[in-house]
Amino acid sequence: MNKLLLSGLAVLCLAPLALPVVLATTDEFPSWAYPVNPQAAPGPPGAPGPQAPKDDGKLFHVPGSDVALTRSQIEGPNAVPDWHPNDHPPMPDIVKNGRESVRACAYCHQPSGVGRPENASLAGLSENYIKEQIDTFKRGNRKGSEPKRAPQNLMNQIAANLTDEEIATAAKYFSGLKLGTFVKIVETDTVPKTFVTGGMLAKSPQGGTEPIGHRIIEVPEDQERAENRDPRTPFVAYVPRGSLQTGKRFVTGGGMPCITCHGPDLHGLGDVPHIAGRSPSYIVRQLFDIQNGKRSGAVAPMQQVVATLALDDMIAIAAYVASREP
């Protein structure tokens, strides 16, 4: 299989026609996978970045760390909170500090490269794959299916301003990291009520539950740790009952199972990325974007592969893949 095709099969390799759809299907847009923060809707490209947060000098802490940071050091426009400096090698300048019009990579993707549900985990991806995807953002081929989603718009803006040297430096750094996973998959009929904050879902402070329906509800177990951007924050992803077994059949069976290109343990092969242990919300977004032509470029071969997938198929696939050890 040539390199272009391998790169193109960048999210999942499936054979949807070879397996029956077990879960009920729905054509509903998966807004739960594309959270839009209502109080911080993104501006047009080139708009000013985040403003400095209110800071009274209070020091914050997270479990397992001796680091103490103020709110500005956690959320400020130039901040990259590094709670666990021993979890990664020294960060290069573009990753740690960024520059004017370019947000530091590690603010969103975290110093250890684990990312969060609203973006991508970069740790362990090949240098070529990372550079290729940044170029895809640069060329406007990763717009996403929700035009108001801030993380996607920010990445497009940043990519447009990166130099080739900065891209190469960031790709080398993140490719040298080992991916860890902090998400637990739970099959259930009911989920906590949620709201959108920071581009992702969180449990409603008022409490309460509701039917899960045709959704994955991925939330931090400790909201304060998430707000403090602790890379070790544990997440739980609630998925419909039966998702794991159905997803396993898609991922490991059929005419072109995911393991064909992503490896027997879904840890990737060459420039084909590892997918085990990734955020299931992220995986659903990629499948949906590819199916609907919102992610193109080198992943073009995937458009045919996912063309007939129902949303519930995507949910099952994402749940199973996310449940695997990275």
Determine the minimum heavy-atom distance between [X] and [Y], stating which atoms define it.
X: Met200; Y: Pro117; answer: SD-CD, 4.1 Å
X: Phe195; Y: Lys203; answer: CE2-O, 3.2 Å
X: Asn119; Y: His109; answer: OD1-ND1, 3.8 Å
X: Tyr173; Y: Pro111; answer: OH-O, 2.7 Å
X: Phe137; Y: Gln152; answer: CE2-NE2, 3.7 Å
X: Ser243; Y: Ala319; answer: CB-CB, 4.0 Å

If two hydrophobic side chains count as joined below 4.5 Å and joins carry through other members, does [X] share a cluster with [Y]?
X: Leu179; Y: Ile259; value: no
X: Ile275; Y: Leu309; value: yes
X: Tyr34; Y: Ile290; value: yes

Between Met314 and Ile317, is a side chain to side chain contact (heavy atoms under 4.5 Å, CB included) present by the stated rule, with each step listed?
CA-CA 5 Å; Met314 298 180 190; Ile317 292 161; 5.6 Å; no
Residue set satisfying salt bridge (charged side-chain N to carboxylate O under 4.0 Å, His left out) with Glu210, at least two apart, ordered chain then number -> Arg215
Could you tell me which residues satisfy salt bridge (charged side-chain N to carboxylate O under 4.0 Å, His left out) with Arg232, sequence neighbours excluded, listed by chain and number?
Asp87
Any side-chain heavy-atom pair of [X] and [Y] under 4.5 Å:
X: Val239; Y: Pro280; answer: no
X: Ser121; Y: Tyr282; answer: no
X: Tyr107; Y: Pro81; answer: yes

Which residues satisfy the ring pair (Phe, Tyr, Trp, His ring centres under 6.0 Å) test with Phe174, sequence neighbours excluded?
none
Check the surroundings of atom NZ in Lys138: do more than 12 heavy atoms from other residues, nucleotides or ligands lie under 6.0 Å from it?
yes
Not counting sequence neighbours, which residues clear side-chain contact (heavy atoms from CB on, under 4.5 Å) with Glu221? List them please.
Lys184, Pro234, Val236
For residues 61-70, please give each side-chain donor-acceptor pair under 3.5 Å, one per line with the distance, not counting sequence neighbours.
| unit_1 | atom_1 | unit_2 | atom_2 | d |
| --- | --- | --- | --- | --- |
| Ser65 | OG | Val67 | N | 3.1 |
| Ser65 | OG | Trp83 | O | 2.6 |
| Thr70 | OG1 | Asp55 | OD2 | 3.1 |
| Thr70 | OG1 | Gln73 | N | 3.3 |
| Thr70 | OG1 | Gln73 | OE1 | 3.4 |

Please evaluate residues Arg324 and Asp265 with respect to the criterion side chain to side chain contact (heavy atoms under 4.5 Å, CB included), reporting the C-alpha separation (whole Å), side-chain torsions for both, the decisive distance (0.1 Å), and the verdict.
CA-CA 8 Å; Arg324 302 296 89 193; Asp265 297 316; over 6 Å; no
Will you find, in the side chains of Asn228 and Arg71, an N or O donor that is under 3.5 Å from an N or O acceptor?
yes
Please identify which of these residues, His88, Lys96, Arg229, meets the side-chain hydrogen bond (donor to acceptor under 3.5 Å, both in side chains) condition with Asp82.
His88
Salt bridge or not for Asp289 and Arg295, using N-O below 4.0 Å?
no
Ion pair Lys131/Asp135, N-O distance below 4.0 Å:
no
Would you please test His84 and Ser112 for side chain to side chain contact (heavy atoms under 4.5 Å, CB included) and show each step?
CA-CA 9 Å; His84 309 285; Ser112 56; over 6 Å; no
Take Asp189 and Arg241 through the test side chain to side chain contact (heavy atoms under 4.5 Å, CB included) and record every step on the way to the result.
CA-CA 7 Å; Asp189 295 321; Arg241 291 192 187 277; 3.0 Å; yes
Considering residues at least two apart in sequence or located in another chain, which fulfil the side chain to side chain donor-acceptor pair (under 3.5 Å) criterion with Thr194?
none
